[in-house]
Amino acid sequence: MKWILALLVAGWLGGASGAWAETSLDPAPQRFAAGTSYTLGFWVLQHGTHPYEGELSPVGLRFTSPDGESLTFPGTPLPEAGHYAASVVLPEGDWKIEGLQGMFAPYLAGTVSVPGGLKAEPVREESIEGFVAQGVDYWGAVRPPGFPDLPAEPAPVARATTAASAPPPSPPSPPSPPLPRVAEATGVPAWTLPLAAAGGAALAGAGWWLVRRRETEDEEPPRDPSAETIVISG
């Protein structure tokens, strides 16, 4: 009676808040044997479309037989949002599988026969359509069964740079200092100019030497008084 009351309270809280959740099972082993441990992955999604933003507790899987026997196995959070795993060991019999979803009401996720196989409840089409309509992908490659990859958002288009956002022009470079003037082109290579200057200096020096020598030759030699003959008349 207590658990029935708890379910009613949880359902009332979910309805009052305008929220509910759904549990979806990951692909399971093909065959279950009695007394053997298996790990079952499952997803708890609010409205069946997205992970609950917050911490849910308790979360797990509950197995109930037709005679009322119930076995509960806690779920461990996995890296993906809304994804859990539970290790289960079942005796022989037929079992109904329910997802325990914290404050939300339990959700029928499937059935299993031991020995035998597991049959998961399919994901509701409305849940998948609601996920696509939201346009937000919460997972990568590991995702709830039946949920498609949403197309990636287009890359932002580069906008043309306006004049206001254009960088200011660079200041003009200072003028280069004037280079020394080289002799104007006369058809003579520039390297011959120093040689011509040196030759001119040599010619000028030679001319000065010749002129000086001639002036020296034209000067009268100095008279020697001792060489003069003195004539004394009678």
Side-chain angles (χ1 to χ4, degrees), residues 1-128 130-131 134 136 138-139 142-147:
M1 184 64 181
K2 291 183 179 180
W3 66 270
I4 296 177
L5 181 60
L7 291 180
L8 292 176
V9 172
W12 178 80
L13 289 175
S17 61
W20 72 92
E22 300 175 8
T23 295
S24 299
L25 296 175
D26 281 333
Q30 294 183 353
R31 185 173 179 81
F32 284 75
T36 302
S37 175
Y38 300 93
T39 299
L40 296 180
F42 61 99
W43 301 80
V44 178
L45 303 181
Q46 186 174 5
H47 293 166
T49 61
H50 59 277
Y52 174 73
E53 296 183 1
E55 182 179 353
L56 287 178
S57 182
V59 173
L61 295 177
R62 181 170 62 197
F63 294 79
T64 305
S65 65
D67 59 4
E69 182 182 1
S70 179
L71 300 173
T72 299
F73 302 95
T76 300
L78 296 177
E80 299 76 31
H83 199 193
Y84 301 85
S87 297
V88 304
V89 179
L90 299 172
E92 292 185 3
D94 296 327
W95 303 89
K96 177 180 66 175
I97 307 172
E98 292 177 301
L100 302 180
Q101 311 178 124
M103 67 177 183
F104 302 108
Y107 188 84
L108 179 62
T111 58
V112 61
S113 296
V114 182
L118 184 149
K119 181 181 179 181
E121 290 290 325
V123 179
R124 297 188 315 119
E125 290 295 333
E126 293 83 353
S127 298
I128 298 177
F131 163 74
Q134 290 178 2
V136 180
Y138 304 94
W139 308 284
V142 181
R143 57 202 307 109
F147 283 69

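None of the values given here were measured: they were computed from a predicted structure.
- The main-chain N or O of A33 is found under 3.5 Å from a side-chain atom of Y38 such that the two form a donor-acceptor pair.
- Aromatic ring centres of F131 and W139: separated by under 6.0 Å.
- The distance from the CH2 atom of W95 to the CG atom of L90 is 6.5 Å, given to the nearest 0.5 Å.
- Judged purely by atom type and a 3.5 angstrom limit, Q101 uses its side chain to pair as donor or acceptor with the backbone of T23.
- Looking at V44 and V59, their side chains come closer than 4.5 Å, going by heavy atoms from C-beta outward.
- Sequence neighbours left out, the pairs with a member in residues 53-72 that pass ring-ring contact (aromatic ring centres under 6.0 Å, His included) are F63-F73.
- Taking the six-membered ring where the residue is Trp, Y52 and F104 present perpendicular rings, their angle passing 60° and hence far from 30°.
- Of the possible donor and acceptor atoms, one in the side chain of S65 sits under 3.5 Å from a partner among the backbone N and O of E69.
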Checking salt bridge (Lys or Arg N to Asp or Glu O under 4.0 Å) for the pair E80/R143: CA distance, chi angles, key distance, verdict?
-> CA-CA 8 Å; E80 299 76 31; R143 57 202 307 109; over 6 Å; no
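- Distance check: M103 CE to S57 OG gives 12.0 Å after rounding to the nearest 0.5 Å.
- To the nearest 0.5 angstrom, K96 atom NZ is 7.5 Å from R62 atom CZ.
- Checking each of L118, L25, D94, V88 against V112 for a side chain to side chain contact (heavy atoms under 4.5 Å, CB included) leaves exactly one that passes, namely L118.
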